[in-house]
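All chains are named by letter (A, B, ...) in the order of the sequence lines, taking the proteins before the strands, and each is independently numbered beginning at 1.
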Amino acid sequence: MQRFTQLVKILSNSTKTNEKLEALRHYFTTADTLDKPWVLALFSGRRPKRTVNSSQLKQWCIKTANLPEWLFEECYHTVGDLGETIALLLPDSGQQLSTHPLHYWLEQLMRLEKAPEADKQQFILQAWQELDTGERFVFNKLITGGFRIGVSQQMMVNALSLAYDIPPATLSHMISGNWDPRQTTLETLLHADNTNADDSKPYPFYLAYALEDGPTALGQPEDWVAEWKWDGIRGQIIKRNGQLFVWSRGEELITEKFPEYAPLQDALPEGTVIDGEILTYANDFPLPFQSLQTRIGRKNVTRKQLQEAPVAFLSYDLLEWQGQDIRDKPLQERRQLLEQVVEFTNHPALRLSPVITFDSWERLTELRQQSRDQGSEGLMLKRRSAPYQVGRKRGDWWKWKIDPFTIDAVMIYAQKGHGRRADLYTDYTFAVKDGDKLVPFTKAYSGLTDKEINEVDNWVKRHSLEKFGPVRTVQPELVFEIAFEGIAASNRHKSGVALRFPRIHRWRKDKTPEEINTLLDLQQLLQQYKG
DNA sequence: TTGATAGCGTC
DNA sequence: TTCGGAA
DNA sequence: TTCCGAAGACGCTATCAA
């Protein structure tokens, strides 16, 4: 545990990529064999399921440190991170320190899943006693997740790439999919033969960048393929050794959630991996994302759902064909093979994302305006000659979404942020006019620069009216333009509407609160958007 | 049994 | 998903 | 150019109090 705590300290004290890479490389070349797969799991989004919840941790900390609850809350708001707050508040135990390794603590935590609350409490309190402040922080983060120390999946891939001398793209594939840190070592996982050991193993997804300034800078239109950008969830379908697997972008195995795909187990040719989008359909037309949402986290699908909103897989790329990894072939070749595969499979659950024909960028610009009519949220542009790459790479795949909506609104509440924004009011609620009243309709994450955030923070501190816990009401004076991707009816909010991806577009210092948009404007937008 | 809420996935 | 900041 | 942290809405599940 000391070793890992030391690593976390180095990582969190530095913002320099090379320093972090070196620290990780060194760790992976020298650390405890049983700890290593756990570190990879923790830093690549494979944290074990949480077995102790936040309110329990909070209560036990309050008891141990003998604090009034309000003081704990006050500390938490200042520190901005539960695990760190607790580590700082716990008294020094003065006991003999523990020498258990990282994997011991993680395995013990996992064993608590079904344990009675009293056992959990005893274990956590014991751990807090045995560990010093730095280790306690790490221990708490093992439970609550999210180290926020500037290391994520990609940096892990790069560090392992250095430590084991394997190219990042290959390595990314090796560590993809399902593996258990208790059952495997890094040496096994990163062995060249291991890529084929698991029939379910997915390929890392290739992701697109947003096209900011239109396509003309991309060169000749004939070098590019355009498709609609579908508003579903990204998926990968695998047929190997007679088995069918469906993966989500977050590398969750979601095969069982979509019984519609079960027939593909027989229909798909052997040794096939398809990249595409999971969508619900009605009358041959894709349904809004909201209808898919009811399927994502659900355990049992109702018959009604299967009838009214059946799921199909809209395929747009072929990664494996006849058992061969074909990601290095140019897109147009992969596309041809994909078309053959879809035709051969011949099942309504497997569709082909149509290619949009266009002869000039002007024509494509016109077509983009029709995106909503197609049930899509814009265009995808893919270079014909491009291989299927790993992760987000600039150059060959672009998403060109339709322009967002915008609304002018006034800030009415402010709240402090978390982590590196724990000191600042960065969390704002906005309102539109309804007659002479103001109606809150959204929160928006800050699209402001640090400089603007400081300015707003300063202003909030001088113009707050009332305090409700962490929330301050402020004089309704500051006007912002809010951008968002979509609008839907909602019961959650007083305004009756909910926005998709709301963010601050710009600070309208030129506008007064009298000039902002109204609730009626939002309602009209809602009608219009519903078509 | 109902209702609220934390947690976690999707975008 | 979005965004700004840092390397 | 790439990566990271901080942030939004939604729906479902599990859990716990009324």
Side-chain angles (χ1 to χ4, degrees), chain A residues 11-12 14-21 43 45 47 49-58 80-82 113 117 143-158 168 207-210 212 229-235 248-254 257 277-279 288-301 377 391-395 399 401 404 415-422 424 426-430 441-453 482-493 497-506:
Chain A
L11 294 173
S12 58
S14 170
T15 54
K16 292 194 172 63
T17 310
N18 288 336
E19 258 175 53
K20 292 184 187 184
L21 275 175
F43 288 157
R47 180 172 62 88
K49 213 172 117 208
R50 185 190 259 255
T51 52
V52 183
N53 67 40
S54 299
S55 52
Q56 288 169 330
L57 289 176
K58 189 182 106 181
D81 179 291
L82 185 65
E113 183 173 0
E117 178 159 337
I143 302 170
T144 61
F147 274 89
R148 275 201 302 234
I149 52 174
V151 175
S152 200
Q153 172 116 15
Q154 197 52 46
M155 189 175 286
M156 286 308 296
V157 167
N158 292 338
L207 306 169
Y209 265 99
E212 309 285 349
K229 184 180 189 305
W230 302 104
D231 189 12
I233 69 176
R234 186 85 179 266
S248 73
R249 183 148 99 72
E251 295 192 3
E252 299 273 319
L253 208 41
I254 50 174
K257 293 197 194 294
E277 199 87 0
I278 298 166
L279 286 172
F289 184 74
Q290 270 178 321
S291 100
L292 235 195
Q293 256 175 333
T294 68
R295 295 286 302 269
I296 299 172
R298 174 182 288 271
K299 280 200 162 164
N300 301 301
V301 196
E377 49 176 5
R392 193 163 263 129
K393 295 271 162 9
R394 211 166 271 270
K399 54 181 169 185
K401 293 177 79 163
Q415 200 178 168
K416 283 185 177 173
H418 291 91
R420 70 180 176 206
R421 292 180 173 180
L424 297 165
T426 59
D427 200 359
Y428 317 127
T429 303
F430 297 93
F441 71 108
T442 191
K443 289 175 74 166
Y445 76 82
S446 178
L448 299 175
T449 61
D450 280 4
K451 208 176 143 204
E452 287 172 319
I453 287 178
I482 309 297
F484 51 99
E485 302 293 312
I487 181 168
S490 163
N491 302 325
R492 276 203 193 179
H493 304 278
V497 297
L499 310 187
R500 191 149 182 224
F501 308 135
R503 68 261 189 193
I504 300 173
H505 212 211
R506 53 186 171 140

*Asks:* Kindly write out the residues that satisfy salt bridge (Lys or Arg N to Asp or Glu O under 4.0 Å) with A/Arg500, not counting sequence neighbours, or none if the list is empty.
*Replies:* A/Asp231
*Asks:* Using modelled atom types and a 3.5 Å cut-off, is there a donor and acceptor pairing between side-chain atoms of A/Arg506 and backbone atoms of A/Ile504?
*Replies:* no
*Asks:* Below the 4.0 Å mark, does D/dC10 have OP1 or OP2 next to a side-chain nitrogen or oxygen of A/Gln290?
*Replies:* no
*Asks:* In chain order, what residues pass the salt bridge (Lys or Arg N to Asp or Glu O under 4.0 Å) check against A/Asp427, with sequence neighbours excluded?
*Replies:* A/Lys443
*Asks:* Going by ring pair (Phe, Tyr, Trp, His ring centres under 6.0 Å), name the residues that satisfy it together with A/Tyr445, two or more places apart in sequence or in a different chain.
*Replies:* none
*Asks:* Run the salt bridge (Lys or Arg N to Asp or Glu O under 4.0 Å) test against A/Lys58 and tell me which residues pass, sequence neighbours left out.
*Replies:* A/Glu69, A/Glu73
*Asks:* Which part of the nucleic acid, if any, lies within contact of A/Gly391, taking any heavy atom under 4.0 Å across all strands shown: a base, the sugar-phosphate backbone alone, or nothing?
*Replies:* nothing
*Asks:* For the residue pair A/Phe147 and A/Phe43, is the inter-centroid distance of their aromatic rings smaller than 6.0 Å?
*Replies:* yes
*Asks:* Answer with base, sugar-phosphate or nothing: what part of the nucleic acid does A/Arg394 contact at a heavy-atom distance below 4.0 Å?
*Replies:* base
*Asks:* Classify every nucleotide of nucleotides 1-7 of chain C by which part a protein heavy atom approaches to under 4.0 Å, writing B for the base, S for the sugar-phosphate alone and - for neither, in 5'-to-3' order.
*Replies:* BBSBS-S
*Asks:* Verify side-chain hydrogen bond (donor to acceptor under 3.5 Å, both in side chains) between A/Arg50 and A/Ser54, making sure each step is shown before the conclusion.
*Replies:* CA-CA 10 Å; A/Arg50 185 190 259 255; A/Ser54 299; 3.2 Å; yes
*Asks:* From the options D/dT2, D/dA9, D/dA7, select the nucleotide whose nearest atom is closest to the side chain of A/Ala498.
*Replies:* D/dA9
*Asks:* How does protein contact run along nucleotides 13-18 of chain D, one letter per nucleotide 5' to 3', with B for base contact, S for sugar-phosphate only, - for none, heavy atoms under 4.0 Å?
*Replies:* SS----
*Asks:* On DNA chain B, reading 5' to 3', which nucleotide is the first and which the last to sit with an atom under 4.0 Å from a heavy atom of chain A, could you check?
*Replies:* B/dG7 to B/dC11
*Asks:* Base, sugar-phosphate, or nothing for A/Phe484, non-hydrogen atoms under 4.0 angstrom?
*Replies:* nothing
*Asks:* Listed by chain and number, what are the side-chain hydrogen bond (donor to acceptor under 3.5 Å, both in side chains) partners of A/Glu452, not counting sequence neighbours?
*Replies:* A/Thr449
*Asks:* Could you state the CZ-C1' distance from A/Phe43 to D/dC3, rounded to the nearest angstrom?
*Replies:* 16 Å
*Asks:* List in chain and number order the residues that pass side-chain hydrogen bond (donor to acceptor under 3.5 Å, both in side chains) with A/His505, two or more places apart in sequence or in another chain; answer none if no residue qualifies.
*Replies:* A/Glu481
*Asks:* How far does the P atom of C/dT2 sit from the matching atom of B/dG7, given to the nearest Å?
*Replies:* 27 Å
*Asks:* Rounding to a whole Å, what distance do you find between A/Asn158:CG and D/dT1:P?
*Replies:* 18 Å
*Asks:* Any base atoms under 4.0 Å from A/Leu499, or only sugar-phosphate, or nothing? Heavy atoms, all strands.
*Replies:* sugar-phosphate
*Asks:* Would you indicate which nucleotide in D/dA9, D/dA7, D/dC12 comes nearest to any side-chain atom of A/Thr426?
*Replies:* D/dA7
*Asks:* Given atom CD of A/Gln153 and atom C1' of D/dT2, what is their separation to the nearest angstrom?
*Replies:* 15 Å
*Asks:* A/Phe441 has an atom CZ; how far is it from atom P of D/dG8, in whole Å?
*Replies:* 14 Å
*Asks:* Mind checking what makes side-chain hydrogen bond (donor to acceptor under 3.5 Å, both in side chains) contact with A/Arg249, not counting sequence neighbours?
*Replies:* none
*Asks:* How is A/Arg234 classified with respect to the nucleic acid when contacts are heavy atoms under 4.0 Å: base, sugar-phosphate, or nothing?
*Replies:* sugar-phosphate
*Asks:* A/Tyr428: what forms a ring pair (Phe, Tyr, Trp, His ring centres under 6.0 Å) with it, not counting sequence neighbours?
*Replies:* none
*Asks:* Choose from D/dC10, D/dA7, D/dG8 the nucleotide whose nearest atom is closest to any side-chain atom of A/Pro502.
*Replies:* D/dG8
*Asks:* How would you list, by chain and number, every residue that makes a salt bridge (Lys or Arg N to Asp or Glu O under 4.0 Å) with A/Lys257, sequence neighbours excluded?
*Replies:* none
*Asks:* Base, sugar-phosphate or nothing for A/Gln154? Non-hydrogen atoms, less than 4.0 Å.
*Replies:* sugar-phosphate
*Asks:* Round to the nearest Å and state the distance from A/Lys257 atom NZ to D/dC12 atom C1'.
*Replies:* 9 Å
